[in-house]
Each structure stands twice: as C-alpha cells, then as structure tokens.
There are 2 protein chains.
Amino acid sequence: MPAGPGDRPATRARPVKSPDLVTIADVARHAGVAVSTVSYVLSGKRVISEVTRTRVLANIRVLGYHPNAGARALASRRANVIALVLPLRSGMQVPVVMQFAMSVVTTARTVEHDVLLVTSDEGPDGLRRVAASAMVDGLLLMDVELHDERVPLLRELGRPSVLIGFPADASGLTCVDLDFHRAGQLCVEHLAGLGHRRVALLGAPAAVYDRGTGFAHRTRAGVVDAAGRLGVDAVVRPCEEGTAAVRRELVSLLERWPDLSGLIVQNEAAVGPVLAVLPTLGRRVPEDVSVVGVCPDQFAEQAGPRLTSVPVPAEEVGRQAVSLLMRRVQGEPVPAATLLDPTLTVRDSTAPAPARR
Amino acid sequence: MPAGPGDRPATRARPVKSPDLVTIADVARHAGVAVSTVSYVLSGKRVISEVTRTRVLANIRVLGYHPNAGARALASRRANVIALVLPLRSGMQVPVVMQFAMSVVTTARTVEHDVLLVTSDEGPDGLRRVAASAMVDGLLLMDVELHDERVPLLRELGRPSVLIGFPADASGLTCVDLDFHRAGQLCVEHLAGLGHRRVALLGAPAAVYDRGTGFAHRTRAGVVDAAGRLGVDAVVRPCEEGTAAVRRELVSLLERWPDLSGLIVQNEAAVGPVLAVLPTLGRRVPEDVSVVGVCPDQFAEQAGPRLTSVPVPAEEVGRQAVSLLMRRVQGEPVPAATLLDPTLTVRDSTAPAPARR
DNA sequence: GACGGTTGTCGAAGCGCTTCGACCTGCCGA
DNA sequence: TCGGCAGGTCGAAGCGCTTCGACAACCGTC
C-alpha cells in the first residue's frame, strides 16, 4: 500500500519541521500533482499542460515556496553561483573595482546566478576550495597579473573561468579587458593632434608595474608605441598616491622637461592632485599643460576642470565577463580574448599646445 | 543487456562518475572506515581515536577530498555562507565600503564561512530569495537608512542578521557602527580646544541626508550638540562631490562668515578638493583654516597637508559585524547595539585659531 | 484493429552529506 | 560473576531536489 496521507514515514523523533520551511513536496501535495511535475513546471525541461502549470504556480505563490539551493545544487550539480575573485592589494583602483563588482552581480542576477565574493588573500587554497566544493559553477578573476599564481591553478581546477585582464600566457583561458594598448595610443594621438610634442604618462604606483599588472604595462606600451609613430617624445613615470607624491613627481618632471605640455594620468587617485598641483607650479590647465585621464567617467566629470578622458568601462567589462562565463558554463565555445574598444571623450582639460618658446 | 533486477544496485546506466569528484565514500573506503566516521573526523562532533583520525586525514589529503557544499548544506541545514547586502547608490563612500567588504570576507573565512554578495537593487525580493532558499545562514546589511525598507523585511524573514548602521526603529535587531555622534563631538571639541569659535561641517551630499542615512544625521547631531555645549558657532552644509561643487560651497560659506576658521569634512570625495581650493581662496591650511576629516586613515595620510582626522574603522566594524552575526547564527544572545568609540588623530591640518581681527 | 507517435504525468532512484541510535569492545567496582 | 559505563565505530535514514524511464491516454494510420 502506498504511504497514506496521514502517515508520512516520519523520522523517529526528529524535531518538527520548522513551519516556515515549504518544500516542493508541500507544493505538490497542495496542487495534487507529483513532486516531479512541480519540478518540471519550474525548470521547463518537460512539457506540462497549461492547466497544471497554472495550478502549480498558484500554489507556489500561495505557499511562498522557494527551492532549497543546497538540494538543488546537489541534485542538479549546478550551484547557480559564480565566484568573483578580487585581489586585495595596494594600488587597486577601488572605485573601478567596485563598479565592476556591482555590474557582475547585477548581470549575474539576470541569468539566475548569485555571486560569491572571494579574496585572493586566502591564497590559491581559496580558489581550490570554492571550486572543489562545487559551491560555484564558474570563476571570475579580476585584476590579473602578467604572471599570476592563480592562472596555473585555474587550468588545473578545470572549472569554467573568465579573467579580467590578460596574463602573459593566456592559452586555454578566456580573457576580457579594455584594450589598454589602444587606450594609450588614443591619448597620445589626441595630444599629438593638438600639437603637443612632449608628453608624459603618469601611471599607476610602481608596485603595480612591478607585479606585472597587465593594464599598466599595456597602456605604457600603447603610449610609447604611438609616440614613436607620431614623432612625440614620451616619458613614462609610475606615480604613487597622495598629493605629496604627485607634487614631487610633477616638479621633477617639469624641471627636467620644461617644455612638457601633455600629461596622461592613469591613476584615479592622482587625477585630483595633479589638477590641484599644476596651477601651483605655474602651469594652467589646459592653457599650459593638457591633461588626459584614463579613469572612470565619474572622476573625469567631477574634476576641475572637467577632464578629457578615456573611460574604463567597468560596467561593460563586467557584463561581458559574466556573459562569457555563462556560455562557458553551458559548455559553449567562446572567443579566447575579448578586447573592448576604448573611446576618448574630449572635455575641458586639453587644448592646443602652447606656442614653442 | 537489459538492466535486470539482479544487478548491483548501481544506477541503471548513469554516466560514469567524473573521476575528479572525490566523495566522502571514497575517503571512507580508502581508509577502511565508515562514512560516518569520516564525517565525525571532519566535524569533531564525536570522539574518534587518534589513530583513526590520522588515517582518515591522511586519506583526505592524498585523495584531495573537499566536502560538497551543497550536500553538506542540505544535510546539516547550514550553508556556511553569509550574505553581504550592499546598496548600490550615489554618494556611497566607495573606499570605505570596499574596505568593509574585504574585512567581512576575511573575517568570515576565519570562521569557515563564505560571503555571498547581494545588491539591494534587486529589491527586497533579493533578500527574500537568498534567505528563503537557505543559501545563507545570516545577513549583513550595510549602509542602513533611518527608514530602510529592508528592515521590516528582515524581521519577517526570521534569519539572523546584523546591520551596519542604525535604522530609526532598531527594536529586535542587532546593529553595529562607529559612534558618529561622538565623532562629531570629537571634531568640535578638538577645534574648540584650539580656540576656534566658528566652524562648519561639510557633510555628505544632500541626497544622503534626504534618504535619512544614519551616520550623516548622527554626525551632524554630534557637531551641533558639542558646539552648543562649548559655545562654538556651527553651521552645517551638505556637500556634493566634485571640485566645482566644493569650491562653490566654500566660497559661499566664507563670504557669509569670513571668520570661519574650522572645517569638518565628512565626505571622502571632498577632502582633496577642499584642501586644494582653500589656498586659492586665500586661506592657508592650517594657519587660516583648520580642517578635520571624518574619513579613512588612508585618505588623511595622503592628503596634503596630512589631515587631522577621525578615521572610520571599516576593518573593525566588519570584524565586529561578522562576529556578532556568527553568534546570532549559533543562537547565542548578543547586544542589540554596538557603538565603536571614535578617536581623533592629530596631523598637520589643524592649528590654533588665528587671532580675532 | 494493431501499430506507432505524442503529450502529460508519475514514481523512484539517487546527489553527497550529517546525525542518531545501535552496537561492540574493554575496564571498573561491587 | 555481573552490570554499568565510557570510548569508538558503524549503518541507515533522511535533507529537498532533479531526472530518467515508465506509462496512460489519446491521436491518427496503414
């Protein structure tokens, strides 16, 4: 005889079910269908008649049913969660990272996924744990270095992953990023077009270059590259954060090259100080020195004067990254490299070069 | 051949287990013990002899076993994950939020928990979903407003939670935050002690006050409070971000009260601009105007001149929040309100008030 | 009318883990 | 001698879900 309605083969003497825990079985019972039918209504993996569907959905709503994530993950072998791996280091471009993270969460939600926040300071073990415990279906790594210790691990893990940024050896990996090389070129081209013959790139803190962070190196390469091509003299300097450091750097720069008239700043934290310090050194922006930023639009807009800039499209990168990852999770093939095209927005901080003295 | 009844009770013809998926059963088999024994070794919930323990642990290591999070959550009714709910709004103190988030992740890891990142822009449904699906054991809400729509929901959800910040009605909730009221007082007391008789609070953007964000209101109250008590004239102004906005505000302020000699800035984004703009208005810092910041130490250190400040101890708040949440998850009683004592660090931006003209 | 196809639903077997009671030692005191 | 009691270990019953094969009912077809 089938288990009658009154005699659930209750466990020996388990504590009563918490009343607020509605299971798929409750829904099935109330709707007068099998558990599997409810499941199929939810997943759409089999055809269910319209009338049954409606009835089931109504019961789900009434009972306030929410599938148990653990059970679902266990049975389906899909957690519907992705890991967002953030390094936790100095010199990070905090607002960009934040913008990016938010975009990832928002995008992931549109495809029914949640985001687990992982910091790399737990070391490779963190990644390994999260992947091996089947907590997540895929991994999103930010702020990848040229020689990133997480990269070999990633290959070994054998879980779908997408990197923001490019390691030196990207074989077998999926990477997205702004085309910083092109961004560097754009800046120089803009300044060269305005007649500037000597420009400087005020980059990220030295530590960022030292650990081989891709975007810094690639921007630098783009700048040098375009400068050579266009006959512009380019000097490149890392730049620490803080007004004092910026001032020191600028003083030394202008002393050595008094005819310096173009400045490319790739360091959010330095944008404000640069614009504040230049006037105190007798250089007006943009009359004497033109400044281009590689930074979020928000910063550029708020600066005084408003900054001509190549924005870092954190939102777009986040969206792309998630969408690539989802496709990899689904087993679809994806391009190994996705480079977003940078654009340059002209604002008030650049002007034609002053007449040669 | 058809799957006859005499077959091993193995599944009919399921795809072979992925070889890299090591289960607790594999460990048990290799160690020659029961599955439950392995489980107890891992959880320590029953005494296991030293010799067995060692053997099991060795096998775990060799096989590279990692418990499946979904299965564990299902069986134990504990996900070992907490949700970190971030609002995604304008005027957010991005670096503070980030610092805080990182501290939460790091602390959570020390107690074997992971962090699920949830944004409030999904609305209350996001919270409801995450809680009802048993994805998380508890919730951490940041940037709570005085009249926060998430607060009633939280009570209804009936899951352990901790708020960063205080809503108007905090009954039944657990809250942590810096004592911003005291912070406001500290700033005024410091300035008053230096002989300043008229000070201004340059606060968060107006939007932040409008939506009733606790820390902004409480700081203001603290400032007004101490000013009244100490016979100092205090004027309070919200302040938008961006150099232009800051300049406008300062100009208007100094025009109206030329004898203004103390400035309290509670807006990370405004600190740089304030220090940059004041000299251009003929006010040296600290000779003519003393400036105190309520902002992360990092900002204060990097400013030029180095800023006297009341730091927001994001790290400490994060640690406290997680630890409170864990205790609530464990069912232990916790204090309803935890207020962290602010401290004021004197640096180079404050000095005795200039002589009265 | 036997056959093959659809369509819609059900039942049951897991997914990998925790946990509870049961069951074996030994060893002690009575 | 026996009962009692720790200390250790095992077996099995779930946790709530997905998924696969089975199958009933209906359709049209040769």
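Numbers restart at 1 for each chain; the letters A, B, ... are given by sequence-line order, proteins then strands. Quick note: numbers below take in every heavy atom, side chains included, and nothing from hydrogens, waters or symmetry partners.
Looking at B:Asn59, its side chain never comes within 3.5 Å of a backbone N or O of B:Val56 through a donor-acceptor pair.
The listed nucleotides are D:dG16, D:dA22, D:dT9; the one nearest the side chain of A:Ala71 is D:dG16. The side chain of A:Ile48 lies closest to C:dT9 when the candidates are D:dC15, D:dG11, C:dT9. Among the nucleotides D:dC17, D:dC10, C:dC17, the one closest to any side-chain atom of B:Ala34 is D:dC10. When distances run from any side-chain atom of B:Arg77 to the nucleotides D:dG16, C:dC17, D:dC20, the shortest one goes to D:dG16. With D:dG11, C:dT9, C:dG11 as the choices, the nucleotide that has an atom nearest any side-chain atom of A:Ser49 turns out to be C:dT9. Comparing C:dG16, D:dG8, D:dC17 by their nearest atom to the side chain of A:Pro67 picks out D:dC17. Listed nucleotides C:dT9, C:dT18, D:dT18 differ in distance to A:Arg72; the shortest reach to its side chain belongs to D:dT18.
With no hydrogens or angles considered, a side-chain donor-acceptor pair links A:Arg328 and A:Thr174 at under 3.5 Å.
Look at A:Ser39 and you'll find a side-chain N or O under 4.0 angstrom from OP1 or OP2 of D:dT18.
Heavy-atom distances to DNA chain D give each of A:Tyr40 and A:Asn68 a nearest nucleotide, and the one nearer the 5′ end belongs to A:Asn68.
Interface remark: the B:Tyr65 side chain does not form any donor-acceptor pair with the C:dC17 base, using a distance-only criterion of under 3.5 Å. If you check distances only, the side chain of A:Arg46 does reach the base of D:dG21 with a donor-acceptor pair under 3.5 Å.
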